[in-house]
Amino acid sequence: MNLSFDGANTKVYDDVITEEEFKNIFDFINGHPFTFRHPVGEWNKVWDLSKGRILRGNNFFWLLGETPEYRGDNTCLIPFINQVNKIIPESNLFDTDQKLIVHMTPYCYGAGAGLSWHDDRHYLGAATFYCHNYWSPEWGGEFVTVEANNYIIEDKQKIKWGVFDNSELHNLIMKNSVGNFFYPNPNRLVVNKGGSNGILHKINNTTVDSSPRLSLQCFIRLADTDE
């Protein structure tokens with residue numbers, strides 16, 4: 001495992017699991033049941049109509065630092081889960097003295113799909129693992145952020161997030177006008193801050209001729225106090 005980008009608010013890790021472990025996860029994803037994201041009803045803002053069709057799989061949960069007892073095909077996820085349990089504390093992006101839960105969902109972005117600007121404010125942060133076999137730099141699908149290292153000075157919480165007009169947010173982003181992008185390389189994990197200090201980021205639309213962009217999307221949140 002290699003730390004390829006060491007930002008203050010974003011970390012990028014490559015070669016997260018072994019080649020054999022990666023192949024097992026790809027085979028798992030290749031046979032996993034997916035459903036379209038939009039029928040859930042949440043089409044606006046991040047999941048807007050211009051961002052194409054996105055498929056999601058079943059949800060998985062575990063307490064950070066613990067390894068769930070999976071059986072059957074799900075056992076191939078354990079090496080990756082063990083790496084997430086290691087990377088999240090080492091990233092120093094989160095207070096791991098607290099009891100944290102990881103919520104993971106497989107996703108498939110079809111040709112022409114992406115995500116609008118957002119900040120993961122409902123979670124402490126996120127970790128995105130790419131599990132397709134190959135990605136071309138001509139296919140888009142980059143993770144883009146203007147706050148990988150430095151936060152925008154203005155209070156983002158005062159921005160009015162709209163459905164059809166996000167000019168306030170866009171003007172704030174254009175004041176900075178510089179940032180970082182990360183290709184969805186196979187066996188790569190991108191970790192970013194969320195919550196009140198969530199970084200503004202987006203997923204560029206894939207091109208019309210791209211292969212499916214496959215990922216395991218993990219969100220980190222506080223465990224319920226009654227658990």
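Side chains of Phe143 and Val12 form no contact here, defined as non-hydrogen atoms less than 4.5 Å apart. Between Pro186 and His132, the closest side-chain pair of non-hydrogen atoms falls below 4.5 Å. Between Tyr123 and Ile220 there is no side-chain heavy-atom pair separated by less than 4.5 Å.
Residues Leu124 and Phe94 approach most closely at O-CE2, 3.2 Å, considering heavy atoms. Considering every non-hydrogen atom in both Thr145 and Trp117, the closest pair reads CA-CZ3, 4.4 Å. Taking all atoms of both residues into account, the shortest heavy-atom contact from Thr206 to Gly112 is OG1-N, 2.8 Å. Across Ala111 and Ser210, no two heavy atoms sit closer than the pair CA-OG, 3.8 Å. In terms of heavy atoms, Phe22 sits closest to Tyr130 at CE1-O, 3.4 Å. In terms of heavy-atom proximity, Leu169 sits nearest to Trp161 at CD2-CZ3, 3.5 Å.
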CA sep, side-chain torsions, deciding dist, call: Ser116, Lys202, side-chain contact (heavy atoms from CB on, under 4.5 Å)
CA-CA 5 Å; Ser116 302; Lys202 65 176 291 186; 6.0 Å; no
List the steps and the verdict of side-chain contact (heavy atoms from CB on, under 4.5 Å) for His201 and His118.
CA-CA 6 Å; His201 60 289; His118 58 288; 3.1 Å; yes
From CA spacing to verdict: side-chain contact (heavy atoms from CB on, under 4.5 Å), Tyr107, Arg213
CA-CA 8 Å; Tyr107 275 93; Arg213 182 182 182 276; over 6 Å; no
Worked verdict on Phe219 versus His122 for side-chain contact (heavy atoms from CB on, under 4.5 Å)
CA-CA 9 Å; Phe219 289 108; His122 300 300; over 6 Å; no
Checking Asn192 against Asp120 for the side chain to side chain donor-acceptor pair (under 3.5 Å) test, could you report, in this order, the C-alpha distance in whole Å, the side-chain angles of both residues, the deciding distance, and whether it holds?
CA-CA 9 Å; Asn192 65 272; Asp120 293 336; 3.1 Å; yes
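Under the side-chain contact (heavy atoms from CB on, under 4.5 Å) test applied with Arg188, the options Thr128, Asp15, Val16, Asp14 reduce to a single match, Asp14. Tyr109 pairs with exactly one of Asn205, Leu115, Leu214 by the side-chain contact (heavy atoms from CB on, under 4.5 Å) rule, that one being Leu115.
One finds the CG atom of Leu100 at 11.5 Å from the CD atom of Glu66 (value rounded to the nearest 0.5 Å). Considering NZ of Lys11 and NZ of Lys193, their distance stands at 8.5 Å, rounded to 0.5 Å. Within the model, atoms SG of Cys131 and CG of Asn24 stand 12.5 Å from one another, a figure rounded to the nearest 0.5 Å. The distance from the CE atom of Met1 to the NZ atom of Lys86 is 4.5 Å, given to the nearest 0.5 Å. Here the CZ atom belonging to Phe129 is positioned 4.5 Å from the CG atom belonging to Asn187, to the nearest 0.5 angstrom. Note that CD of Glu90 and CG of Leu3 are 9.5 Å apart. Values are rounded to the nearest 0.5 Å.
For the residue pair Thr105 and Asn59, a side-chain donor N or O sits within less than 3.5 Å of a side-chain acceptor on the partner. Using modelled atom types, one finds no donor on one side chain facing an acceptor on the other under 3.5 Å when comparing Ser4 with Asn2. Using modelled atom types, one finds a donor on one side chain and an acceptor on the other under 3.5 Å when comparing Tyr151 with Asn9.
Through direct or indirect side-chain contacts shorter than 4.5 Å among Ile, Leu, Val, Met, Phe, Trp and Tyr, Trp139 is connected to Tyr134, Trp135.
Taking the six-membered ring where the residue is Trp, Phe34 and His32 present perpendicular rings, their angle passing 60° and hence far from 30°.
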